[in-house]
2 protein chains.
Amino acid sequence: MLKYSGQTRMLVAVDCIIFGFDGDSYKLLLVQRGIAPEKRKWSLMGGFVQPNENLDEGAIRILKDLTGLDDVYMEQLHTFGNPKRDPVERTIAVAYFALINIQKYEKSLSKEYNAEWFPLQAMPELIFDHGDMVEKAKHRLRYKASLHPLLFELLPEKFTLPQVHALYEGLYETIFDKRNFNRKLLSTNLFIKQNEKDKESSKKGAYFYQLDRSKYSSNLQAFLKFIPNPEEYLLS
Amino acid sequence: MLKYSGQTRMLVAVDCIIFGFDGDSYKLLLVQRGIAPEKRKWSLMGGFVQPNENLDEGAIRILKDLTGLDDVYMEQLHTFGNPKRDPVERTIAVAYFALINIQKYEKSLSKEYNAEWFPLQAMPELIFDHGDMVEKAKHRLRYKASLHPLLFELLPEKFTLPQVHALYEGLYETIFDKRNFNRKLLSTNLFIKQNEKDKESSKKGAYFYQLDRSKYSSNLQAFLKFIPNPEEYLLS
DNA sequence: CCAAAAGTGTTCTAGTTACACCCATGA
DNA sequence: TCATGGGTGTAACTAGAACACTTTTGG
C-alpha cells in the first residue's frame, strides 16, 4: 500500500525514569551518554523505538539492557515532542517511569553504560529535557502513590513497617504519625506478617511483612488514601 | 550537525478524543475519514505532527481546525505505538482528550470533515485502534473527575445544580443523592449563585450558578471526592 | 541499666451517608 | 388544582487526626 505523502517522519525514542529506594532516600538510575552531542553528560537511559516493537516493548528492552531485570513495574508517563528538544534532529520521546528494587539491580550489566544511582535530591544536570521528565515523574509518583499501593515495588520481598514508613515519608518529604500510618496500612489487609524479625536496624527488631500478591494486584487500582491531606502535597 | 544513523524514522500523529455533554448524555465528536484506507469510516479527528510544532500545539491546531475553538480543556492521554496500528505505515499516535461545551461547537466549520456527535453509548466502530483510545479516555475521565472539578468544562458558562447532577450521574452511570451531592458541590465554594433561574426544564425553575474561575483554576488539582465509594467505579 | 527503635489504644472531630417532605409554578 | 421538578435539614455512623507511654534488647 502507498505511504502517506508529504509528511515528515521523525525519530521516536523511549526514555526511562528509574526510581530506587535504599531504605533512606530515593534514587534515580542515570547513565553517562556515550554519543555526541552532550557525550559524557548524565542522562536518562533511553533508546530509539525499533521497527518491530511497540512502545512498551521498547521500554522493557531498554530497562532489561541496563539492569538485567524484566519484571519491573513500569508505566508510560508522558510524551515529549518539542521540536528543539534534541538538537541533532527531531525526536519524539515517550517517557516511562519504573520502580525497581534497588537490591536486584545488577551492577555488572550496566558497566558499559556507566550507570550510577543518584539521590533524587542531588542529581547532576541532565541533557535535553530529561530534567523535565524527572520532575513530571516525581509528581506522578507522588500523585499515584497517594491513592494506590505501588511504592512496595521499591522494597525487597520482605520488609518492615518502619521501612514502609520511611518510604512514604521520603516521597512526601514530611512526617506521618506512625500509629495512624501503620493502622491504615494494615487495615488494607494487603500484608502478611512473618515470624522473623529484621534485627539490622534496631535491637528490638521489627517484624517482616510480605505483600499478599493476590490481593495486591486486584487492589492496585483501589483507593487507599495513605496520605493525610493529600492536597497539601499534590498541588500544581 | 550529523543525524543519528541507522535508525528508523516514523510518522507521528495526534488524535483527539473530544467529549461533549448535551444535558442528557455524553457525546463524542467523530469525523468521517477522507483518505484511504478505511475511507468514509468513522474516526477520531487527527493529523500528523508538523516539523515546527510540538505535540500540544498540534493538538490545539487539530481541534481548532475541526471546531473553531481554541481555549479548550485538553490534556495528553497516552501514546499508542503498536507497529501494526496503521496498516499504511508505522505511525505513532499521541492521543489527547478534550472537553468542550457542546453549544460552542460551530457546525459550519466542520462541514468539510463530515463531523458528527455520537452518544458515547452508541458509537459506530472506529478505525485502527481508535476504539482503544476512546476506552482509555473514558477511563481517565472517570478517574480524574472523581478527584478534580473538570467536568464543568462540558457545561455552558451558566449552569444549574440539576445539570451538574446529571453530568456526574451520566459519567458514572449511577445515581447520587441530590441532597448530599449538592451539599458537597457547594461546600467547595467554587460556585457563585446567580439571580436568574433556568425555566427551560421545570416550572419552578433552577437557579443558575457560575464557576468562580479564580478559585477554580487554583483548585483544579485539589481533591474533591465528589464521588462516594470511588473504588466501585474506578476498578481496572 | 540504658539508649534506641518498635509497637500499641483512646478520644475527639469532621465528614459521609441515609433518608422525606415542602415549595414554586405553568398548564 | 395538580403534576413536575427544585430545594432543603437532621440524625447516625464512620473515618481520620491528635496524642504518649510501654516493650525489647544489645552494648
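Owing to the predicted nature of the structure, the values given are computational and were not obtained by experimental measurement. Chain naming here is simple, since letters A, B, ... match the order of the sequence lines and numbering starts at 1 in each.
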In whole angstroms, how far is the C1' atom of dA18(D) from the CZ atom of R183(A)? 10 Å
Nearest to the K184(A) side chain among dG6(D), dG16(D), dT8(C), which nucleotide is it? dG16(D)
Nearest non-hydrogen partners of L66(A) and Y105(A), listed with the distance: O-CE1, 4.2 Å
Rounded distance in Å - CG (D198(A)) to P (dT24(D)): 18 Å
Could you work out which one of dA18(D), dG26(C), dT8(C) sits closest to the side chain of K203(B)? dG26(C)
Nearest to the A206(B) side chain among dA17(D), dT8(D), dG6(D), which nucleotide is it? dG6(D)
If you assign S201(A) and D177(A) each to the DNA chain C nucleotide with the nearest heavy atom, which residue ends up on the more 5' nucleotide? S201(A)
Length of the CZ-P vector between F181(A) and dG16(D), whole Å: 13 Å
Provide, to the nearest angstrom, the distance between the NZ atom belonging to K193(A) and the C1' atom belonging to dA6(C). 10 Å
Taking the side chain as everything from C-beta on, heavy atoms only, tell me whether V94(A) gets closer than 4.5 Å to Q76(A). yes
Between dA6(C), dT25(D), dG9(C), which one does the side chain of P162(A) approach most closely? dA6(C)
Taking dG9(C), dG9(D), dG7(D) as options, the one with an atom nearest any side-chain atom of Y207(B) is dG7(D)
